[in-house]
Number of protein chains: 2
Amino acid sequence: MNLRDLKYIISVAETRHFGKASERCFVSQPTLSGQIKKLEEELGVIIFERTNRSVEITPIGEAIMAHAYRILEQVGAIQQLALAHQDPLAGPLRIGAIPTLSPYLMPLILMPLKKQHPQMKLVLSEEMTDILLGRLHNFEIDAALLATPVDEQSLDVIPLFDEPFWLAYPREHPFYYKDEISRSDLDKTELLLLSEGHCLAKQAMDVCHLKDRKGQGDMADLRASSLETLLQLVGAGFGSTLVPALALRGSWASGSGIVARKLNLKDAYRRVSLVFRKSYPGRKALDEFARVILENLPDTVSPVIARKPVKKRTRPP
Amino acid sequence: MNLRDLKYIISVAETRHFGKASERCFVSQPTLSGQIKKLEEELGVIIFERTNRSVEITPIGEAIMAHAYRILEQVGAIQQLALAHQDPLAGPLRIGAIPTLSPYLMPLILMPLKKQHPQMKLVLSEEMTDILLGRLHNFEIDAALLATPVDEQSLDVIPLFDEPFWLAYPREHPFYYKDEISRSDLDKTELLLLSEGHCLAKQAMDVCHLKDRKGQGDMADLRASSLETLLQLVGAGFGSTLVPALALRGSWASGSGIVARKLNLKDAYRRVSLVFRKSYPGRKALDEFARVILENLPDTVSPVIARKPVKKRTRPP
DNA sequence: ATGGGTCATAGTTTTTATCTATTATTCTAC
DNA sequence: GTAGAATAATAGATAAAAACTATGACCCAT
């Protein structure tokens with residue numbers, strides 16, 4: 001059986017005329033006759049009782065027809081479904097982002113995104129880098145906004161922007177009167193870190209040339225589980241911390257006993273990228289998503305101008 | 001799109017593996033890959049996100065799959081339907097019969113038919129010859145039991161039996177002491193006829209060498225609309241009438257003031273046949289129906305032994 | 001009878017699907 | 001890291017299916 005055959009018999013059933021039916025199907029009359037005959041032989045039943053002068057459908061043919069209509073209906077549904085999704089921007093885009101980025105980046109782009117692509121649905125999740133990579137591989141998300149270099153063969157990367165780190169410290173701190181912070185300044189302060197797993201913690205330590213003290217416990221006791229908590233601690237005078245630039249735009253930024261200053265260090269930034277499976281079919285949607293992000297960044301971060309060089313591809317175009 | 005393609009994608013969706021899926025479909029892996037790729041191009045959507053190591057279904061693919069399952073379900077329904085009807089004896093057989101035959105023949109064959117072909121369903125209708133022929137041509141019945149020769153090219157005939165006419169007359173009639181009736185006897189009696197349209201009326205007149213007096217009115221007043229009514233009239237002494245042999249077996253046959261005698265005439269019979277469209281596809285069912293009739297006839301009628309010679313056929317075997 | 005209309009058949013050509021062999025890629029194991 | 005196993009994609013050849021044109025058989029109407 002074949003969908004074409006079903007179209008043929010429906011055409012004949014509706015016209016009661018092989019010639020007219022064949023025209024309607026854009027095939028010759030012998031073709032139509034032949035295919036219908038083949039179908040009848042395959043099913044072992046006569047669908048049409050025909051003479052030279054008349055074509056009439058048999059009772060069993062009538063029953064078959066009912067199913068044929070339903071089948072073609074479903075086929076149409078598939079085609080319509082596919083058509084609606086042909087726009088690569090359609091369909092939910094499942095995006096994961098790290099917790100030190102998501103709350104500060106998403107508010108910037110959600111409105112513009114909705115304005116430019118009203119039909120694009122986002123499903124957001126907020127997890128630490130390793131979790132997100134796992135989810136990428138498990139096909140649970142389509143792309144991840146990460147701040148860590150990724151070098152896995154199965155993943156591809158769209159670099160987005162470099163986000164500088166600032167130092168946040170209590171207003172009562174002696175740094176209060178400085179405009180910029182140098183590395184020597186950093187050594188003089190107690191640095192508060194996020195709990196393990198957050199890439200920001202490691203990045204902060206790298207910037208400050210601290211050795212990872214994981215497992216030692218003395219400092220671990222002070223580690224916070226979120227950037228907001230961390231800033232609460234800073235405000236309460238427990239120490240200072242590194243904050244990525246986008247996080248400075250929150251409501252706490254002014255009048256919460258916290259001061260933030262730019263770091264006068266060359267490598268005090270993290271590169272934020274959009275990471276996705278090379279095999280992910282919605283590349284266009286991701287490109288568009290990345291574009292919207294880049295267009296709505298504040299001045300505090302530096303967009304990556306040069307897009308990544310084209311890597312050798314699995315399948316030539 | 002193609003039903004084969006739908007089987008392919010379902011197979012891949014279920015195995016998440018092109019190789020295993022292709023085995024399950026009894027085709028090579030490249031074949032499966034190629035067809036799925038073609039389907040994806042036709043629909044303009046990616047159904048499977050695949051790398052060398054993994055195959056995962058996309059959201060739109062998932063949606064398509066739901067419809068694909070329903071389609072194949074319907075296809076199965078068609079095949080099952082067809083299988084159930086492959087037996088040519090299956091399906092309702094729509095039989096028409098003339099009123100002077102139906103009430104007397106049907107009781108003879110319904111039980112044997114049910115015994116031999118329990119799955120064969122009959123739909124009976126009782127009309128006069130012309131009506132039945134019209135219904136045959138309108139595909140409203142599949143075959144008709146007639147007592148009139150039919151010579152239409154589009155119709156075919158299975159002769160069944162010759163049914164003699166008997167003379168029915170009131171017990172008080174002088175014929176009462178005769179065993180057989182000759183033509184000269186016929187002239188001496190008032191012959192009652194069925195109303196116009198019944199073939200029996202014309203046949204009776206032919207047998208008696210009467211001219212058709214339709215429109216004259218004198219005799220028409222006495223015409224009855226059914227054989228039962230006619231016999232009531234005979235019983236009441238209004239005259240006598242010709243009765244086909246099978247009708248003699250009714251309950252009125254004894255003790256109702258009516259006597260029936262055989263006619264001593266060579267041509268005093270009518271040939272009962274099964275008539276159907278040449279194009280009717282259930283020929284086998286009709287042959288079987290005819291066989292059951294012939295096997296259950298009483299001695300009062302003469303089965304036609306020699307089956308009709310094969311006429312030139314529309315399509316050589 | 002004859003001609004028009006209609007479906008079936010025959011034979012050929014075109015299109016489509018399939019196969020085998022091979023390539024490219026990536027993961028795993030040593 | 002390098003070799004090997006696994007897996008999907010590609011290429012080219014072959015087989016199968018479906019399409020077309022031309023023709024035939026038949027019925028009906030004039």
Side-chain angles (χ1 to χ4, degrees), chain A residues 1-9 11-13 15-23 25-42 46-57 137 151-156 277-279 281 311-317, chain B residues 1-9 11-13 15-42 46-57 136-137 151-156 277-279 281 311-317:
Chain A
M1 203 184 319
N2 198 315
L3 292 177
R4 194 198 312 108
D5 298 339
L6 297 184
K7 284 182 195 141
Y8 289 169
I9 63 173
S11 192
V12 171
T15 59
R16 311 267 145 138
H17 190 289
F18 276 61
K20 291 196 185 89
S22 69
E23 272 179 39
C25 295
F26 306 104
V27 295
S28 68
Q29 171 263 316
T31 296
L32 189 98
S33 288
Q35 289 308 113
I36 288 183
K37 188 184 172 197
K38 204 151 69 78
L39 178 63
E40 286 179 331
E41 279 167 4
E42 176 191 333
I46 301 292
I47 297 174
F48 298 108
E49 182 181 335
R50 41 206 189 271
T51 68
N52 316 24
R53 310 303 299 170
S54 67
V55 174
E56 201 60 28
I57 190 162
H137 285 119
D151 189 24
E152 295 190 39
Q153 284 185 305
S154 64
L155 296 181
D156 211 340
R277 296 180 299 279
K278 274 182 182 162
S279 62
K311 299 173 77 170
K312 56 182 175 180
R313 316 213 307 195
T314 306
R315 291 159 209 126
Chain B
M1 200 183 327
N2 198 313
L3 292 176
R4 194 199 312 110
D5 298 339
L6 297 184
K7 283 181 194 141
Y8 288 169
I9 63 174
S11 192
V12 171
T15 59
R16 311 265 145 141
H17 191 289
F18 276 60
K20 292 197 185 88
S22 68
E23 274 180 37
R24 208 204 260 196
C25 295
F26 305 104
V27 294
S28 68
Q29 172 264 316
T31 295
L32 190 98
S33 288
Q35 289 307 115
I36 288 182
K37 188 183 169 195
K38 205 152 69 80
L39 177 62
E40 287 179 330
E41 280 167 2
E42 176 190 336
I46 302 291
I47 298 173
F48 299 107
E49 182 182 336
R50 42 207 189 271
T51 67
N52 312 21
R53 312 302 301 171
S54 67
V55 174
E56 201 58 28
I57 190 162
L136 265 182
H137 285 118
D151 190 24
E152 295 190 37
Q153 284 184 304
S154 64
L155 296 181
D156 211 343
R277 297 181 298 279
K278 273 182 184 164
S279 63
K311 299 172 78 171
K312 56 182 174 177
R313 315 212 307 192
T314 306
R315 289 157 212 127

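Convention: sequence-line order gives letters A, B, ...; per-chain numbering from 1.
Residue contacts for Gln35(A): at a heavy-atom cut-off of 4.0 Å it reaches the sugar-phosphate backbone alone, with no base atom in range.
You'll find that the side chain of Lys38(B) is closest to dT16(C), out of dA8(C), dT16(C), dT18(C). Residue Tyr8(A) has its side chain nearest to dA19(D) when only dA8(D), dA19(D), dA17(C) are considered.
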Practice problem: Apply side chain to side chain contact (heavy atoms under 4.5 Å, CB included) to the pair Tyr8(B) and Asn2(B), showing each step before the final yes or no. | Solution: CA-CA 10 Å; Tyr8(B) 288 169; Asn2(B) 198 313; over 6 Å; no
Practice problem: Could you walk me through whether Arg16(A) and Ile57(A) pass the side chain to side chain contact (heavy atoms under 4.5 Å, CB included) test, one step at a time? | Solution: CA-CA 8 Å; Arg16(A) 311 267 145 138; Ile57(A) 190 162; 3.7 Å; yes
Quiz item: Step by step, would you call Ile9(A) with Ile36(A) a side chain to side chain contact (heavy atoms under 4.5 Å, CB included)?
Solution: CA-CA 7 Å; Ile9(A) 63 173; Ile36(A) 288 183; 4.1 Å; yes
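Here Thr51(A) does not reach the OP1 or OP2 of dC27(D): none of its side-chain N or O atoms lies under 4.0 Å away. In this model, the phosphate group of dC7(C) is not approached by any side-chain N or O of Lys37(A) to a distance below 4.0 Å at OP1 or OP2. Put simply, Ser28(A) has a side-chain N or O that comes within less than 4.0 Å of OP1 or OP2 on dC20(D). In terms of phosphate contacts, Arg50(A) brings no side-chain nitrogen or oxygen within less than 4.0 Å of OP1 or OP2 of dT6(C). A close approach under 4.0 Å does not occur between any side-chain nitrogen or oxygen of His17(B) and OP1 or OP2 of dA6(D). Dashed line: the shortest gap from a side-chain N or O of Thr31(B) to OP1 or OP2 of dC19(C) is under 4.0 Å. Residue Lys278(B) places at least one side-chain N or O closer than 4.0 Å to OP1 or OP2 of dC27(D).
Proximity of Leu6(A) to Met1(A): side-chain heavy atoms (C-beta onward) are separated by under 4.5 Å at one or more points. Considering only heavy atoms from C-beta on, Ser154(B) stays 4.5 Å or farther from Arg277(B) through its side chain. Within the 4.5 Å cutoff, the side chain of Leu155(A) has no heavy atoms near those of the Lys278(A) side chain.
One side chain, Gln29(B) or Ser33(B), offers a donor N or O that lies under 3.5 Å from an acceptor on the other.
Place His137(B) and Gly34(B) on DNA chain D by their nearest nucleotides, and Gly34(B) ends up nearer the 5' end. Nearest-nucleotide mapping onto DNA chain C: of Gln29(A) and Val27(B), the residue sitting toward the 5' end is Gln29(A).
Rounding to whole angstrom units, CZ of residue Phe18(B) and C1' of dC19(C) are separated by 18 Å. Between Glu23(B) atom CD and dA6(D) atom P there is a gap of 13 Å when expressed in whole angstrom units. For the pair Asp156(B) CG and dC27(D) C1', the interatomic distance rounds to 15 Å; values are reported in whole Å. If you measure from atom CG of Asp5(B) to atom P of dA17(C), you get 7 Å, rounded to the nearest angstrom. What separates CG of Asn2(A) from C1' of dA18(D) is a distance of 10 Å, to the nearest Å. Atom C1' of nucleotide dA8(C) and atom CZ of Phe48(A) are separated by 16 Å, given to the nearest angstrom. The distance from atom CD1 of Ile46(A) to atom P of dA8(C) is 10 Å, rounded to the nearest whole Å. Note: CD1 (Ile9(B)) to C1' (dA8(D)) measures 18 Å, nearest angstrom.
Looking at every heavy atom in both residues, Lys37(B) comes nearest to Arg50(B) through CA-NH2, 4.4 Å.
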Would you list the protein and nucleotides 27-30 of chain C atom pairs, both N or O, that sit under 3.5 Å from each other?
{"residue": "dC27(C)", "atom": "O4'", "partner": "Arg53(B)", "partner atom": "NE", "Å": "3.4"}

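Put simply, the side chain of Asn52(A) and the base of dC26(D) share a donor and an acceptor less than 3.5 Å apart.
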